[in-house]
Amino acid sequence: MNTSGTFKLSRRAILRASGLGGAAVALPLLDAMLTDRGELQGVARAQARPVPRRLVSVYWHYGAKMDQWVPSTTGAEYRLSPALEPLADLKSDLNVITGIANWAAKKSEGSDSHGKGRMAFATGSIWIPDKAAGGPSVEQFAAKRLGMATRLPSLVVSPHQAYPGTVGMFSWSETNVPVPPTYLPQDLFDQIFGGQGGASADLESARQRQQSILDFVKADATRLRGRLGQSDRLRLDAHLDCVRQAEQRLVAVSATACDVPTRPLDNSYQEGWQYQGAPDDRVELLMDLTAMALKCDLTRFVSFCLGVDVTGFIKSTYGDPRAHHDLSHDTSDAAKPMILGYTQYQMKWLAKLLGKLKAATEGDHDVLYNSVVYASSDVSDPAPHFYQNMPVLLAGSGGGRIATGRHINLMPTLDPTNFDYALPWRSVNDLFITMLNTIGLEDVTSFGIDGTRAIDLAVA
């Protein structure tokens, strides 16, 4: 309900900077943007405030050894497997789902097994002959239907540049149309909090002098603050504090760890091209900015690639100089502890991202509770490039619509070494239908190449 008296404010209102070439600061969702019925001002299909439901996909490279991943028991009393131990504090907020296959990746043509899995990761669509995904990814499908309620329909984020060409893309707006990720924190900051035109030359000059954009929007912020109700003033102040903290961290990160890697000239997948991964401080800052965008309701649909420096972790922890991809194909007993270690390392970073969403309170719950977060990879077992028995996690309850804290096995067997294609694996596209239904798209009954029936994850 609008508690700001008669003052009305558009959801797309921004704080304009004086003398910075159109630069601006986006605003969080305020009561002044709502009608007396709790709906957004000027939105045809308005969404009520207090529970915005979000959909996030999180991608990590090169799967996992499933005998290290799959819990030995099912239900609410299951015990976390070794690979999932870094997620222990979030166990009650997520579901481990086994028995899932990505048949689109299996049926795709081409020799790049990881590329096929990456493009089918959230699309469930076959890799078409000109090396592109055959349909939209699940978060972009949702953004096209519901993204008009926020300033940014969606965000696609990765700490490193994509592999060359479309084979490196993991988010797609439709067939043949990839959504390139934003990978530098400064660019993501501008995308989330800046004006429509991005950073101007004046703004860049101000940053070089270590001036805050908030100094230039102060007059506009003061005028707005005087017209807001008490609760909105507190929200605005907290939002601007977060923006300033992000700016301060950007200065430090940009000076040390945000050098742009050289993009290979060849547009094909290059055998032997080894990407080391992104530095930790860049990854965490991108996570913080993404969490802020979701918390402030500037977007509700995100695709995030972990992209952490696994190769560096392997070398520093185990003394093994091999790249992440090379080690993932080692089937020897000597490699198993290292593969478990790097899987746990990636899950540690996933736990960081989920933890940031859980720490963001929202009414009686938190942002993670009101979200659906799908996390998976391009393959299951990376050595043979299997696409069945995929490692799948689903975090958040979509505002209480999904019962969490369970290991849900969709197969008649719990054998993590069984990859028989003849078994009745459940399509990942059925899970995507469930996710879309959960966030409010109840009319979706099919998705991808074979999604026809939602998986029942509802609260009993």
Side-chain angles (χ1 to χ4, degrees), residues 57-73 78-98 100 114 117 121 158-160 274-284 286-287 304-358 368 373-383 386 389-395 404-407 414 416-417:
S57 66
V58 181
Y59 169 82
W60 75 85
H61 296 296
Y62 308 141
K65 292 290 187 184
M66 297 309 288
D67 58 352
Q68 300 173 342
W69 177 275
V70 177
S72 59
T73 58
Y78 81 97
R79 185 174 181 176
L80 287 170
S81 63
L84 297 173
E85 287 175 358
L87 293 158
D89 290 344
L90 293 154
K91 183 182 177 184
S92 63
D93 298 289
L94 59 84
N95 288 319
V96 182
I97 303 179
T98 48
I100 292 284
H114 292 292
F121 152 72
S158 174
H160 60 71
Q274 298 173 354
Y275 188 76
Q276 297 294 93
D280 289 359
D281 51 359
R282 183 194 298 179
V283 177
E284 185 145 17
L286 288 170
M287 286 184 174
F304 195 102
C305 173
L306 290 180
V308 292
D309 182 11
V310 177
T311 297
F313 166 79
I314 295 167
K315 185 175 182 179
S316 63
T317 305
Y318 302 101
D320 193 305
R322 286 176 290 178
H324 182 193
H325 176 261
D326 296 340
L327 182 59
S328 74
H329 283 266
D330 189 337
T331 58
S332 69
D333 288 342
K336 288 182 179 178
M338 290 186 285
I339 293 175
L340 174 60
Y342 79 58
T343 303
Q344 290 176 327
Y345 182 69
Q346 290 176 296
M347 291 306 102
K348 180 194 80 171
W349 281 97
L350 175 61
K352 279 181 178 286
L353 178 58
L354 297 179
K356 293 177 190 300
L357 301 182
K358 187 173 177 63
L368 180 59
V373 182
Y374 163 73
S376 189
S377 191
D378 50 340
V379 293
S380 54
D381 191 306
F386 285 140
N389 205 12
M390 294 289 290
V392 173
L393 299 171
L394 199 68
T404 55
R406 300 174 292 167
H407 172 206
L414 197 58
T417 64

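For reference, positions follow the sequence shown, starting with 1. Side-chain atoms are counted along with the backbone in the values below, which use heavy atoms only and exclude waters and symmetry mates. Keep in mind the model is a prediction, meaning the values are calculated, not measured.
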Under 3.5 Å donor-acceptor, S377 side chain and G63 backbone
yes

Let's go through D320 and K315 carefully: what are the C-alpha distance in whole Å and the side-chain angles of both, what is the deciding distance for salt bridge (charged side-chain N to carboxylate O under 4.0 Å, His left out) to 0.1 Å, and is it a yes or a no?
CA-CA 5 Å; D320 193 305; K315 185 175 182 179; over 6 Å; no

Would you confirm whether S376, through its side chain, and V392, through its main-chain N or O, come within 3.5 Å as a donor-acceptor pair?
no

Modelled atom types, side-chain donor and acceptor of T98 and H407, under 3.5 Å
yes

Geometric class of the H160/H61 ring pair [parallel <30°, tilted 30-60°, perpendicular >60°]
parallel

Name the atoms and distances for all side-chain donor-acceptor pairs under 3.5 Å in residues 86-94, with sequence neighbours left out.
unit_1: K91; atom_1: NZ; unit_2: Y78; atom_2: O; d: 2.4
unit_1: D93; atom_1: OD1; unit_2: K358; atom_2: NZ; d: 3.2
unit_1: D93; atom_1: OD2; unit_2: K358; atom_2: NZ; d: 3.3

Taken to the nearest 0.5 Å, the spacing of T343 OG1 from M338 CE works out to 12.0 Å

Just verifying a value: how many Å separate L350 CG and Y345 OH, rounded to the nearest 0.5 Å?
13.5 Å

Give, for atom CD of E85 and atom CZ of R79, the distance between the pair rounded to the nearest 0.5 Å.
8.0 Å

Interatomic distance, CE@M390 vs CD1@I97, rounded to 0.5 Å, equals 12.5 Å

Would a 4.5 Å heavy-atom cut-off, applied to side chains only, mark L84 and L393 as touching?
yes

Applying side chain to side chain contact (heavy atoms under 4.5 Å, CB included), run through D378 and Y62 and close with a yes or a no.
CA-CA 6 Å; D378 50 340; Y62 308 141; 4.0 Å; yes

Which heavy atom in V373 sits nearest to a heavy atom in L357, and how many Å separate them?
CG2-CD1, 4.3 Å

With a 4.5 Å heavy-atom cut-off, do R322 and I314 have their side chains touching?
no

Minimum side-chain heavy-atom gap K65-K336 below 4.5 Å
no

In terms of heavy-atom contacts, A383 and D381 come closest through N-OD1, 3.2 Å

For P159 and C305 the tightest heavy-atom approach is CD-O, 2.9 Å

Find out whether L286 and F304 are in side-chain contact, i.e. whether some heavy atom of one side chain is under 4.5 Å from a heavy atom of the other.
yes

For the residue pair L306 and V58, establish whether any side-chain heavy-atom pair is separated by less than 4.5 Å.
yes

Are the side chains of P391 and M66 in contact, using a 4.5 Å heavy-atom criterion?
yes

If you define the side chain from C-beta out and look only at heavy atoms, does anything of Y342 sit under 4.5 Å from S328?
yes

Check A323 against T311 and note the closest heavy-atom contact, atom names and distance.
CA-OG1, 3.6 Å

Tell me whether the rings of F121 and Y59 are parallel (<30°), tilted (30 to 60°) or perpendicular (>60°).
perpendicular

NE2 of H324 to CH2 of W60, rounded to nearest 0.5 Å, is 11.0 Å

Would you say Q68 and Q344 make side-chain contact, with heavy atoms under 4.5 Å?
no

How long is the gap from CG on L414 to OG1 on T73, to the nearest 0.5 Å?
8.0 Å

